[in-house]
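We name chains A, B, ... by the order of the sequence lines, and we start the count at 1 in each one. Quantities reported herein were computed from a predicted structural model and do not represent experimental measurements.
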There are 2 protein chains.
Amino acid sequence: MSSTARGVRARARIEVTAAIKDEARRQLAEEGAAKLSLRAVARELGMASSALYRYFPSRDELLTALIIDAYDSIGAAAEAARDAASGSDPARRWTLVCEAVRVWALAHPHEYALIYGSPVPGYTAPDDTVPAAARVGHVFIGIMRAAQGDACLDRPELPPGLRPEADRMTADLAPDLPPENVTALVAAWAELFGLIGFEVFGQFNRVVEDRKAFFRHAADRLARGVGLMPPQQGEGATPARRA
Amino acid sequence: MSSTARGVRARARIEVTAAIKDEARRQLAEEGAAKLSLRAVARELGMASSALYRYFPSRDELLTALIIDAYDSIGAAAEAARDAASGSDPARRWTLVCEAVRVWALAHPHEYALIYGSPVPGYTAPDDTVPAAARVGHVFIGIMRAAQGDACLDRPELPPGLRPEADRMTADLAPDLPPENVTALVAAWAELFGLIGFEVFGQFNRVVEDRKAFFRHAADRLARGVGLMPPQQGEGATPARRA
DNA sequence: GTCTATAGGCGGATAGAC
DNA sequence: GTCTATCCGCCTATAGAC
């Protein structure tokens, strides 16, 4: 009953919780999130399945914990890349963060599938997951902000029909940035995960071989799209408008 | 034993096969591909589960059939959009095909997840799926080809390190197009499915509201990236290079 | 081609003893 | 907090009758 005893128990609880999540992550890789089973986790851990219910009241709560962990992990990877590149210019920071996100995804394909792949049928993520899910996006917003501060942010065009939505997104996400750049950023954010998802999920099999070089180039193109680099001059033989 | 009887039986077989796939697609929506179960399909169809094995020798064969159907369906939607827009210029054809792919995905989210979402654990698609999977990409290649024929294709830059891979992809996919455009096209192809996937899988919840307008703008930006439109002039206050 | 029956598994979740 | 026992459901796949 001493505070020491409470500390010991609390520590044990944390360790068992971590062991459960570790084993669950292992099984994620083998069976997928849809088939994540408390029973199988318990079996592998040498515990009775009913004992797990003291740690996670249901299968879905365990899933939620894994999702938050995964978002936090990829978010931390993005933040670490940003911090390591703090001396570089914004365009280079952008590319390095993109590459860090890709590296994380390739190193953790099943956790990547859990958070950016198909939703798990019958499961809806609770609001607890939102802050962790936002971390990667915040890193990109921060890079854009710094670029604006350095006055090296090019402003892309915006068609009139998108103006209301652009203003709304801007108010929500980054009121201090121009709506043109916020809109481009949201698009680039989604497109980045298209590139990564195609690589992780195998759509690039038999299509792209040198994926690292391909990705680096694509990330640079995304940086151009959000205004972190000037639009390049085309080398084409003709101006692109039809006669 | 007459040829008529054979015809009747063949027709019945086709109809039952179609009914099985229809019911399986229905269940895909409710339980997901990972839990697709021959038994549940049979139950819903009022058949004995063992009877289904006369049509599909295993669960995986049924899954393969559903995957091929889904690729063919989204491919046909892309081709139909291309054909309907045959009078328009390449940039407009690009955008219309992108929108058709998005519309298909939103109308068939679970089939979309089956082909462009997380891989089904324990299942590997056989080579039979490759031709169907390539249809959407071929539509985009065709649009690029036509643009080149009309001499309205801008050629983006390529860094030296990507040259070998660009040449390799070009030889594989479209030897008659410039490697710069082929590389940009492959990137845009992946990015397109990033945009669509984020919408279908819910990543845009609470972020993008007017998704149709947002997508149209993003698709135009992709068209610019592959050279179907000239790069736009930035309106930014300053040139984008850092001092 | 369809059925019943069967083998040999799997799962979530709870009750109640210790 | 962990256990055993239990309820009740699910699955793939096959054998053999009709």
* To do: Using whole Å, report how far CG of A:Leu62 lies from P of C:dG12.
  => 10 Å
* To do: Search all heavy atoms of B:Pro179 against all heavy atoms of B:Asp167 and return the closest pair with its distance.
  => CG-OD1, 3.5 Å
* Asked: Can you check the B:Phe56 CZ to D:dA13 P distance for me, whole Å?
  -> 14 Å
* Taking N and O atoms by type only, does the side chain of B:Ser58 place a donor or acceptor under 3.5 Å from a partner on the base of D:dT12? -> no
* To do: Quickly work out the A:Lys35 NZ to D:dT12 C1' distance and round it to whole Å.
  => 10 Å
* Structure fact -> When rounded to whole Å, the CE to P distance for the pair B:Met47 and D:dT12 reads 14 Å
* **N or O in side chain of B:Arg13 less than 4.0 angstrom from C:dG1 OP1/OP2** => yes
* Below 4.5 Å, heavy atoms only, C-beta onward: do B:Phe193 and B:Val101 meet side chain to side chain? -> yes
* Structure fact -> A:Leu38 CG to D:dC3 C1', in whole Å, measures 17 Å
* With distance as the sole criterion, do the side chain of B:Arg59 and the base of D:dT12 form a donor-acceptor contact below 3.5 Å? -> no
* Structure fact -> Of the listed D:dA13, D:dA15, C:dG12, the closest approach to the A:Arg39 side chain comes from C:dG12
* May I have the distance from B:Glu31 (atom CD) to C:dG12 (atom P), rounded to whole angstrom? => 13 Å
* **Earlier contact from the 5' end, DNA chain C, for A:Ser50 and A:Arg43** => A:Arg43
* To do: Would you kindly give the CG-to-P distance between B:Leu45 and C:dG1, to the nearest whole Å?
  => 15 Å
* Could you tell me whether A:Leu36 contacts a base, only the sugar-phosphate backbone, or nothing, with contacts defined as non-hydrogen atoms closer than 4.0 Å? => sugar-phosphate
* Asked: Has B:Tyr55 got a side-chain N or O lying under 4.0 Å from the OP1 or OP2 atom of C:dT2?
  -> yes
* Asked: Could you state the CG-C1' distance from B:Leu52 to D:dT14, rounded to the nearest angstrom?
  -> 14 Å
* Asked: Are side-chain heavy atoms of A:Asp210 and B:Pro164 found at a separation under 4.5 Å?
  -> no
* To do: Could you tell me whether the phosphate oxygens of C:dA13, OP1 or OP2, come under 4.0 Å of any side-chain nitrogen or oxygen in A:Tyr53?
  => yes
* To do: Just call it for B:Ala48: base, sugar-phosphate, or nothing, with non-hydrogen atoms closer than 4.0 Å on any strand.
  => base
* Does a nitrogen or oxygen in the side chain of B:Ser37 sit under 4.0 Å from OP1 or OP2 of D:dT12? -> yes
* Grab the two heavy atoms, one from A:Ala105 and one from A:Val200, that are nearest each other, plus how far apart they are. => CB-CG2, 3.9 Å
* Considering only NZ, NE, NH1 and NH2 on the basic side and carboxylate oxygens on the acidic side, decide whether B:Arg26 and B:Glu30 come within less than 4.0 Å. => yes
